There are 2 protein chains.
Amino acid sequence: MLKYALLGFLNYNPATGYDLKQFIDVSTSYFWHAKQSQIYTTLKKMEEEDLVSSRFEPQEGRPNRRVYTISQDGKDELIGWLEKPLDSIEKHKEKLLLKIFFSAGIKKDIVLFELHQQEKLHQKQLLRYQNTTKEVIDQFKGSTGLSEDAEFWEMTRRFGELYEQMNITWLREVISKLEEKDD
Amino acid sequence: MLKYALLGFLNYNPATGYDLKQFIDVSTSYFWHAKQSQIYTTLKKMEEEDLVSSRFEPQEGRPNRRVYTISQDGKDELIGWLEKPLDSIEKHKEKLLLKIFFSAGIKKDIVLFELHQQEKLHQKQLLRYQNTTKEVIDQFKGSTGLSEDAEFWEMTRRFGELYEQMNITWLREVISKLEEKDD
DNA sequence: GAATACATGTAAAATGTTACATGATTTT
DNA sequence: AAAATCATGTAACATTTTACATGTATTC
C-alpha cells in the first residue's frame, strides 16, 4: 500500500527516497506514515516491477542521490487504484481503547492520569491541523498549478481536525464519568 | 500487542484459541482485531514466555481443545501494561484519505460514488454500535459480577459511536463540496 | 445435501520496525 | 564543539495476512 503513496508523489515530480520521506512526513503522515527504511526497500521493489525507473546522480560536497521517475505502468497502476472504490471501512488499532476495555480493576487515578495526558496530546495535534497545516494548504490554494490539488489536501486536513475534536469530546466525557465513580 | 488483548481475556477465564477469536470478534475487534492464525501462534509464543500455560483436553465427537490459563507472570505483565500510560497518540492508516489526497485529477462522479458508498458503510456500523453492541453491554451492566467491567466496555462502545458520527459528518461535508465543483 | 459450528495448527509471503553503518557540509 | 541536514542502504526481527490442511456433529 505504501506503493500507492509513493506513486502519488512521484506522479507530481521525480524524487529521491529522501525527498519522499519528507513529503510524507509533512503531508500524508497523519493518515499514511512510513519509516525511511521501508521507503527505500519499497522503491527498489517498485523498480523491479517497472512502476518507476531510477537514475543515479553523483553530487559534489554532498551524498549522491538516486532519483526515481514514475513510468506509464506506474501511472496506470495509480489511476487504477484511485478509481476502484474501497468496499469496506478501515479497521484501526487503538491501544488506548484496548487498555480502557480491560481497566475495570485499575486504580481510578492511574487511568485518569493517562486520559488527561491523551487529552493534551490530542489538543496539540488539533492546533497543528488548525494552524500549521491549514496555512500550508492555503498557500498552495492561492497559487501555482496546485490550487486544485490543495482543495483535496484540505479535505484530508479537515478530517484530521474533526477526528481530534471528536477524540477530545470523548476523552472529556470519559474523564467526567470516571471522576464521578467511587474507586 | 495482541498479547495484551489475549492476557486481558484470559484474566477473566481460561480459554482456547477458538474461544479467544470469538471474544475478540464480538468485542474488541472494532479497535483490536486479529486473524485466527495469529492468535494461535501468539498463544504458543506466550506459553514459551510463561505468561500462560496450556492443557490439552481430549473430547469425544468434537475436536480436542487446548485450554490456556494465565500465569502470575502473565497477570503481572497485563497489569504493568495497563498501568503504564501511553506517551503518544495512535497513528492510523486510512486508505480513503490517501486516495482523496491524490484524487484531484479523478472524475468527480467516480470519487462521489466511493464517498456515498463509504457513508452507507459507516451508517451501518453506527447502527451496530447503537443497537446490537449497546444491548449486549447493557445486559452485562445489569447482572452478574461483570457490571463494573461493562461500564468500561461502554466507554469503548461510545468511542465507536462518536467516531462513526464524525465520519458521516465529514463524508457529507466532502460530498457537498465536491458536488458544487465543476468537473 | 449443504452449510455452519467446533477446533487446531503450519507455511509462506507481505509489511513494518529497529538498529546499524557511513560521511561531508552547514547551522547553532 | 555539537547537532542537524543531506543521502543511501542493509540486516535482523517482529507482526500480520493469506492460504492450506483436516474432520465430526449438528442445523437448515
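Given the structure is predicted, the values throughout are model-derived calculations rather than measurements. Every chain is numbered from 1, with letters handed out A, B, ... down the list of sequences.
Cluster partners of B/I168, using a side-chain heavy-atom cutoff of under 4.5 Å among ILVMFWY residues and allowing indirect links, are B/L126. The hydrophobic cluster containing B/L121 also includes A/I89, under a criterion of side-chain heavy atoms closer than 4.5 Å among ILVMFWY residues, counted directly or through chains of members.
OP1 and OP2 of D/dG9 both lie 4.0 Å or more from every side-chain N or O belonging to A/Y40. The side chain of A/K44 contributes an N or O atom lying less than 4.0 Å from OP1 or OP2 of D/dT10.
In this structure, A/M46 places its CE atom 16 Å from C1' of C/dA14, rounding to the nearest Å. Whole-Å rounding puts the B/L43 CG to C/dG9 C1' distance at 12 Å. If you take CG of A/L20 and C1' of D/dG9, they are 15 Å apart, rounded to a whole angstrom. We find that CZ of B/F56 is positioned 7 Å from C1' of C/dT8, with the value rounded to whole Å. Per the geometry, NZ belonging to A/K3 stands 8 Å off P belonging to C/dT15, to the nearest Å. Taking atom CG of residue A/D19 and atom P of nucleotide D/dA7, one finds them 7 Å apart after rounding to whole Å.
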Please tabulate, one pair per line, each protein N/O and nucleotide N/O from nucleotides 15-19 of chain D that are separated by under 3.5 Å, including the distance.
| unit_1 | atom_1 | unit_2 | atom_2 | d |
| --- | --- | --- | --- | --- |
| D/dT16 | OP1 | A/K93 | NZ | 3.4 |
| D/dT16 | OP2 | B/Q38 | NE2 | 2.7 |
| D/dT18 | OP2 | B/K35 | NZ | 3.3 |
| D/dT18 | O4 | B/S37 | OG | 2.6 |

Please list, pair by pair, any protein nitrogen or oxygen found under 3.5 Å from a nitrogen or oxygen in nucleotides 4-6 of chain C.
| unit_1 | atom_1 | unit_2 | atom_2 | d |
| --- | --- | --- | --- | --- |
| C/dC6 | OP2 | B/Y18 | OH | 3.3 |
| C/dC6 | OP2 | B/Q22 | NE2 | 3.2 |

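Legend: residues meeting salt bridge (Lys or Arg N to Asp or Glu O under 4.0 Å) with A/D25, ordered by chain and number and at least two apart, are A/K21.
B/E135 and B/N131 share no side-chain donor-acceptor pair at under 3.5 Å.
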Pairs of donor and acceptor atoms involving the side chains of residues 78-85 of chain A, under 3.5 Å and at least two apart or interchain, shall be tabulated with distances.
none

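Results of the side chain to side chain contact (heavy atoms under 4.5 Å, CB included) test with B/K134 over B/Q139, B/R157, B/R128 single out B/R157 as the only residue that passes.
Note: B/F102 and A/F152 fail the aromatic proximity criterion, with ring centroids not under 6.0 Å apart. Ring pair B/Y30/B/Y129: centre-to-centre distance below 6.0 Å.
A donor-acceptor contact shorter than 3.5 Å is absent between the side chain of B/N11 and the backbone of B/G8.
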